[in-house]
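These notes are about the structure you will find just below.
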2 protein chains.
Amino acid sequence: MTDVFKAIADETRRLLLDELLERDEQTLFELCSKLAMRHGLTPTRQAVSQHLSVLEQAGLVRAERRGRYRLHTIDTAPLAQISERWPQREAPR
Amino acid sequence: MTDVFKAIADETRRLLLDELLERDEQTLFELCSKLAMRHGLTPTRQAVSQHLSVLEQAGLVRAERRGRYRLHTIDTAPLAQISERWPQREAPR
DNA sequence: TTGACAGGCAAGCAACCACTTGCCTATTGT
DNA sequence: ACAATAGGCAAGTGGTTGCTTGCCTGTCAA
């Protein structure tokens, strides 16, 4: 539970979720280049790999080996807990 | 935006939001004792004060001086961005 | 008015985190 | 077979963070 919140506390990881939301089953290299192309971020491959591990441990991403590729898939289910925990209401003036 | 995610990445701060959701306009000391009574946490007053500052800077809490008291109020509006950013869908098998 | 109460400021510290570097394993194509 | 490709492991590092300690300010009640 804490893992989910800590996972999305990082901007790079949020961007990774965005990319996976747009298209599932992306490899590490694909995600790396997407970060560079579309967001101007150039972390090393290992850095991105570690981010994906964090997301995976939080249950937000699932990875599947296929040949020499490792395909990553998003799972937004854990995020539902957030809106459940603090339901929306009016902000007091 | 990043502030909101980082704010709720901490368990103590999430508990503070829980308490404020149950009752608004609580003082620092009230929140301290609630953490102790109901959750077994005994951070110092300053620690809790710093947590409240983080929540305030994230727009999740508003504080108002009244006499020698400082009353804290929750604002869950920023949390709505989360469910907006990653809409729910089925997890792939 | 003065002590008690509610809170604020700032420095110091240990743990954590994002990131890099260097090297290694496994799979694929030619 | 072997080079290229995709990814993994682990140690090291600088910056951030959560927390404490010590002292100070402002407000209220007796």
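Fair warning: this is a prediction, and the values are worked out from it, not measured in the lab. All chains are named by letter (A, B, ...) in the order of the sequence lines, taking the proteins before the strands, and each is independently numbered beginning at 1.
Taking for each of B/His72 and A/Ala47 the nucleotide of DNA chain C with the nearest heavy atom, the 5'-most of the two is the partner of B/His72. Taking for each of B/Phe29 and A/Gly67 the nucleotide of DNA chain C with the nearest heavy atom, the 5'-most of the two is the partner of B/Phe29. Where A/Gln50 and A/Tyr69 meet DNA chain D, the nucleotide closest to each residue was compared, and A/Tyr69 sits on the side nearer the 5' end.
Taking atom CD on A/Gln46 and atom P on D/dA6, their separation rounds to 14 Å, with Å as the unit. Across the protein-nucleic acid pair, A/Glu56 atom CD and D/dG7 atom C1' stand 13 Å apart, rounded to whole Å. The CZ atom of A/Arg68 sits 13 Å away from the C1' atom of D/dC2 (whole-angstrom rounding). If you measure from atom CD of A/Glu25 to atom P of D/dA6, you get 17 Å, rounded to the nearest angstrom. Taking atom CG of residue B/Leu55 and atom C1' of nucleotide D/dG18, one finds them 13 Å apart after rounding to whole Å. Nucleotide D/dG18 holds its C1' atom 6 Å from the NE2 atom of B/His51, rounded to whole Å. Rounded to whole angstrom, the span from the CZ atom of B/Arg45 across to the P atom of D/dC24 amounts to 14 Å. Separating the NZ atom of A/Lys6 from the C1' atom of D/dT16 is a distance of 12 Å, rounded to the nearest angstrom.
Looking at residues two or more places apart in sequence or on another chain, you find a side-chain hydrogen bond (donor to acceptor under 3.5 Å, both in side chains) between A/Thr2 and B/Arg14. For B/Gln81, there are no side-chain hydrogen bond (donor to acceptor under 3.5 Å, both in side chains) partners, not counting sequence neighbours. Listed by chain and residue number, B/Arg85 satisfy the salt bridge (charged side-chain N to carboxylate O under 4.0 Å, His left out) test with A/Asp18 (two or more places apart in sequence, or in another chain). Residues meeting the side-chain hydrogen bond (donor to acceptor under 3.5 Å, both in side chains) test with B/His72, sequence neighbours left out: none.
Chain A approaches DNA chain C within less than 4.0 angstrom (heavy atoms of the protein), and the contacting nucleotides run 5' to 3' from C/dC17 to C/dT28.
Cluster membership check: B/Leu71 does not share its hydrophobic cluster with B/Phe29, using side-chain heavy-atom separations under 4.5 Å among Ile, Leu, Val, Met, Phe, Trp and Tyr.
Using a 4.0 Å heavy-atom distance criterion, A/Arg13 is classed as a sugar-phosphate-only contact. At the heavy-atom level, B/Arg66 lies nowhere under 4.0 Å from the strands shown.
A salt bridge is absent between B/Arg23 and B/Glu25: the closest approach of a Lys/Arg side-chain nitrogen to an acidic carboxylate oxygen does not fall below 4.0 angstrom.
Within the hydrophobic cluster formed by Ile, Leu, Val, Met, Phe, Trp and Tyr side chains joined at under 4.5 Å, directly or through other members, A/Val54 stands alone, with no partner residue.
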